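Here is the structure we will look at, set down as structure tokens.
Quick caveat: nothing in here was measured; it's all calculated off a predicted structure.
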Amino acid sequence: MRISAEELLTAVLDPESFVSWDSPPVDVGPGAKYAEDLAKAREKSGVDESVVTGVGTVRGRRVAVIACEFSFLAGSIGVAAAERIVTAVERATAEQLPLLASPTSGGTRMQEGTVAFVQMVKIAAAVAVHKAAHLPYLVYLRNPTTGGVFASWGSLGHITVAEPGALVGFLGPRVYESLYGEKFPDGIQTSENLYRNGVIDGVVPVDRLRLLVNRALCVLTDPPAPAATDPIPSPEIPDVPAWQSVMLSRRADRPGIRQLLRHAATEQVPLSGTGQGETDKTILLSLARFRGFPCILLGQDRSGQSALTTMGPAALREARRGMKLAEELQLPLVLVIDTLGASLSKEAEERGLAPEIARCIADLVTLKTPTVSVLLGQGTGGGALALLPADRVLAAQNGWLAPLPPEGASAIVHRDISHAPEMAAAQGIRSLDLLRDGVIDAIIPETPDAADEPVEFSKRVGAAIAHELFVLAEESDIDRQSSRIARYRNLGVPQ
């Protein structure tokens, strides 16, 4: 059983809200046999081409929709279908509408040959223009989606999810078997496998798609609706040894980014992977709202880390995907630092860990959208620095930032790790020292330790994020960006 275009529209859109944008397909001058194929396809499918376009609403929000119909010549895309798609994308762009595309297709229409094959370029170009206008592009891959459709407009979504059990891949298995004389390996071209490997963001049944689209649009299109955003409370922060903060930050029950989302975010849509075949469970990426302020949230996930599982290059590439999403969608970016360090391994070196840290820093310090960074717990090394340079930097009371864990610094200076507490004190790593030195802007209190009040602490962090987003929204882009550059240009330099 395959989901038809009509079934998709019924599942996602408000009842009776769909209005077709389709005009009669352009005449491609088919020969007699192809004309016969087209006539049979129209009779079988009940539609006049392999794609249906139009506009509807999702809980009252207008959304442009493009949906393939597989029963029309296997959803193949020729000149007429491509023209219909591009016209719809261009109209969505002109009307400033978010766009939901749902391909299901065997790829290029073979009856039209190379000219049909090249149509994928103009479709991809139209989607690129839509995204350049800072408009959301959501993709739902249905069974099957293969060939040039998957390799063009099916893979350009800001958010991409797929139908459970769907065949999704570049080269169709029947073509592979015909070309190479053997079956394509089982379990590779499935939506579940692509999700596990960071190619798509999730696997969603069609009856849950409306909920996902609604949540995504809530973050991506609804204007900020802030509640009262009070400044961070500023009780006197106790002058405790830095080593005490280090020890408290390492408590297994200390709340992290997942608790922040659970207790402080009003909406969330989890994303996954780089979109390029990499995923790393030490980082979390999500759309979210904090007290009515929409944002892209990315941060290090303490629940996915251990002494043997530390952040690698894929985590940083996923972070850079979050930065690009924030810029394309013109949303603030919120970053959470909570890492015991970047990976020290042959694989990390060969896959470009250090260059990815450098690119993260460069991308973040020059990002065009507002940025807030939160030092939630441990902040060790380049992995922490990669998410630091924001417009506003907050730190939990027991958060800390250091070039190495204190034990590592002790090993370098004293050739043992027993001097770690002394090194922690000497290097100025605790929140009070970071505030004094201008590395952070404010301290989020713990009363007395986040692990003892996980819900209230997480809500306090969420409120602090919302307040900073409110303040940053009042600044012009030019002033905000120039202030960020000046901040890091002058950091540590006597004034």
Any ion pair linking [Y] and [X] (charged N to carboxylate O, less than 4.0 Å)?
X: Arg392; Y: Glu468; result: yes
X: Asp441; Y: Arg487; result: yes
X: Arg359; Y: Glu356; result: yes
X: Arg317; Y: Glu278; result: yes
X: Asp477; Y: Lys368; result: no
X: Asp449; Y: Arg254; result: yes
X: Glu192; Y: Arg196; result: no
X: Arg460; Y: Glu453; result: yes

If we ignore hydrogens and angles and just use 3.5 Å, is the side chain of [X] paired with the main-chain N or O of [Y] as donor and acceptor?
X: Glu318; Y: Gly273; value: yes
X: Asp479; Y: Glu475; value: no
X: Thr339; Y: Gly341; value: yes
X: Gln300; Y: Gly383; value: yes
X: His134; Y: Glu328; value: yes
X: Ser373; Y: Val393; value: no

Passing option when Asp14 is tested against Arg210, Arg59, Arg61 for side-chain hydrogen bond (donor to acceptor under 3.5 Å, both in side chains) |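 Going through the options one by one, the only one that passes is Arg210.
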
Of Ser249, Ser245, Ser431, which meets side-chain hydrogen bond (donor to acceptor under 3.5 Å, both in side chains) against Asn398?
->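 Single pass found, and it is Ser245.
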
Enter the distance from [X]:[atom1] to [Y]:[atom2] here, rounded to the nearest 0.5 Å.
X: Ser410; Y: Met423; atom1: OG; atom2: CE; result: 7.0 Å
X: Leu435; Y: Leu394; atom1: CG; atom2: CG; result: 10.5 Å
X: Asp363; Y: Arg320; atom1: CG; atom2: CZ; result: 4.5 Å
X: Leu211; Y: Arg215; atom1: CG; atom2: CZ; result: 4.5 Å

Salt bridge (Lys or Arg N to Asp or Glu O under 4.0 Å) between Glu446 and Arg251, worked out | CA-CA 14 Å; Glu446 302 180 34; Arg251 282 184 59 171; over 6 Å; no

Evaluate the criterion side chain to side chain contact (heavy atoms under 4.5 Å, CB included) for residue pair Val58 and Leu13; output intermediate values, then yes/no.
-> CA-CA 5 Å; Val58 177; Leu13 300 178; 3.9 Å; yes

Quick one: sort the Phe470 and Phe293 rings into parallel, tilted or perpendicular, breaks at 30° and 60°.
->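 Perpendicular: the ring planes of Phe470 and Phe293 meet at over 60°.
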
Please determine, by modelled atom types, if Arg321 and Thr274 share a side-chain donor-acceptor pair under 3.5 angstrom.
->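 Distance-only check fails for Arg321 and Thr274.
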
